[in-house]
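In what follows, a structure is listed as structure tokens, so that the remarks can point back to it.
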Amino acid sequence: PCNQRPHPLSPLSFSPTVTSEQIEHLHRRFKQLSRDQLTIRKENFDSIPDLEFNPIRGKIVHAFFDKRNLRQASDGLADEINFEDFLTIMSYFRPIEMNMDEEQLDRFRKEKLKFLFHMYDSDHDGKITLQEYRNVVEELLSGNPHLEKESARSIADGAMMEAASICVGQMGPDQVYEGITFEDFLKMWQGIDIETKMHVRFLNMETIAHCY
């Protein structure tokens, strides 16, 4: 894998969609996760088996309460989310619709990548350092039981160098590198099918049922 181009990795592993037919189904999932309360708090994620050993569990939970992902004006984290907030988060994972034109597809893709960017940008400063990016990639790979630590490190190093060639390599001599911006992030994901990278498993009804 070291001589292949290292692709950016998505920290997520589930694929629910948000359509009018699935609102009721998502509401049942929400009620199971919240234990029939009106809101979900961070501790409600503690009993989900699929998340327990996820190497970036904290980043996934963080994303659900990130006010930027909830489309609120302010930064920071919400203490709890209601069902409307839950649907907002789920909307980032809805599939492409066949009747979307090119402009809608571009906006749709950028919205998904903005959500992913926020997962990497945990300090909310609008930038990701190369080392932070490398660390997330290595954390993701550490959850693969078939990949040795040295191989994971090599792939993470390669991913960081790829990011550097895109972000730092295009800078002028007078510019100072401050981190991967969202525009850089878009370039890093250019030509990569985001639909196959952003998918979630831990919200399955069967999985949540095992929490009780």
Side-chain angles (χ1 to χ4, degrees), residues 9-100 103-124 126 136 140 143 182 185 193-212:
L9 300 173
S10 167
L12 303 174
S13 54
F14 60 92
S15 59
T17 59
V18 179
T19 67
S20 57
E21 294 81 13
Q22 292 175 312
I23 296 295
E24 184 178 348
H25 190 58
L26 282 172
H27 190 249
R28 295 209 319 272
R29 290 176 175 176
F30 177 87
K31 287 178 66 179
Q32 286 185 315
L33 190 56
S34 69
R35 301 191 179 191
D36 284 328
Q37 299 301 306
L38 295 177
T39 60
I40 293 173
R41 302 183 68 87
K42 294 182 187 69
E43 53 264 30
N44 292 120
F45 287 85
D46 291 342
S47 57
I48 300 177
D50 279 352
L51 274 182
E52 186 177 357
F53 301 108
N54 191 301
I56 55 161
R57 177 193 177 282
K59 286 183 173 60
I60 294 173
V61 175
H62 186 102
F64 271 76
F65 296 88
D66 190 328
K67 290 182 179 180
R68 297 171 298 179
N69 295 335
L70 297 172
R71 299 184 180 134
Q72 297 182 14
S74 58
D75 285 341
L77 296 178
D79 293 326
E80 56 190 14
I81 57 173
N82 59 26
F83 182 57
E84 185 177 350
D85 296 328
F86 184 73
L87 288 181
T88 297
I89 297 295
M90 292 297 96
S91 71
Y92 293 103
F93 304 95
R94 67 191 188 278
I96 286 177
E97 297 171 18
M98 297 303 294
N99 60 348
M100 284 183 173
E103 183 179 342
Q104 288 172 319
L105 284 171
D106 182 63
R107 186 168 61 248
F108 187 74
R109 177 180 172 82
K110 284 181 179 177
E111 189 176 74
K112 288 174 179 287
L113 287 172
K114 178 69 82 171
F115 180 92
L116 188 57
F117 180 81
H118 290 159
M119 292 193 72
Y120 286 87
D121 178 29
S122 56
D123 62 359
H124 297 230
V136 173
L140 283 165
F182 181 58
F185 200 71
D193 180 10
I194 186 64
E195 306 310 320
T196 65
K197 305 294 179 184
M198 289 182 69
H199 52 95
V200 202
R201 187 178 62 250
F202 71 79
L203 290 176
N204 289 345
M205 296 289 285
E206 297 79 8
T207 300
I208 297 176
H210 292 158
C211 298
Y212 303 100

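Taking CZ from F30 and CE from M90, the interatomic distance works out to 11.0 Å, rounded to the nearest 0.5 Å. Atoms CG and CD, from N44 and E80 in turn, are 10.0 Å apart once rounded to the nearest 0.5 Å. In this structure, F64 CZ and M119 CE are separated by 9.0 Å, a value rounded to the nearest 0.5 Å. We find the CG-CZ distance between L33 and F45 to be 5.0 Å, quoted to the nearest 0.5 Å.
When side chains are defined from C-beta on, I56 counts as touching L140, because their heavy atoms get closer than 4.5 Å. In this structure the side chain of F83 reaches within 4.5 angstrom of the side chain of L87, judged on heavy atoms. Between R57 and D46, some side-chain heavy-atom pair lies under the 4.5 Å cut-off. Under the 4.5 Å side-chain criterion, counting only non-hydrogen atoms from C-beta, F185 is in contact with L116.
When all heavy atoms of Q104 and N99 are compared, the pair lying nearest together is OE1-O, 3.9 Å. In this structure, F115 and A63 approach most closely via the heavy-atom pair CZ-CB, 3.8 Å.
Of the candidates I40, L70, I89, I40 is the only one forming a side-chain contact (heavy atoms from CB on, under 4.5 Å) with F65.
Environment of CD in E103: sparse, with no more than 12 heavy atoms of neighbouring residues, nucleotides or ligands closer than 6.0 Å.
Identified under the salt bridge (Lys or Arg N to Asp or Glu O under 4.0 Å) test for residues 63-77, with sequence neighbours left out: D66-R68, R68-D121, R71-E111.
For K114, there are no salt bridge (charged side-chain N to carboxylate O under 4.0 Å, His left out) partners, not counting sequence neighbours. Residues that satisfy the side chain to side chain contact (heavy atoms under 4.5 Å, CB included) test with N82, not counting sequence neighbours, are T39, E84, D85.
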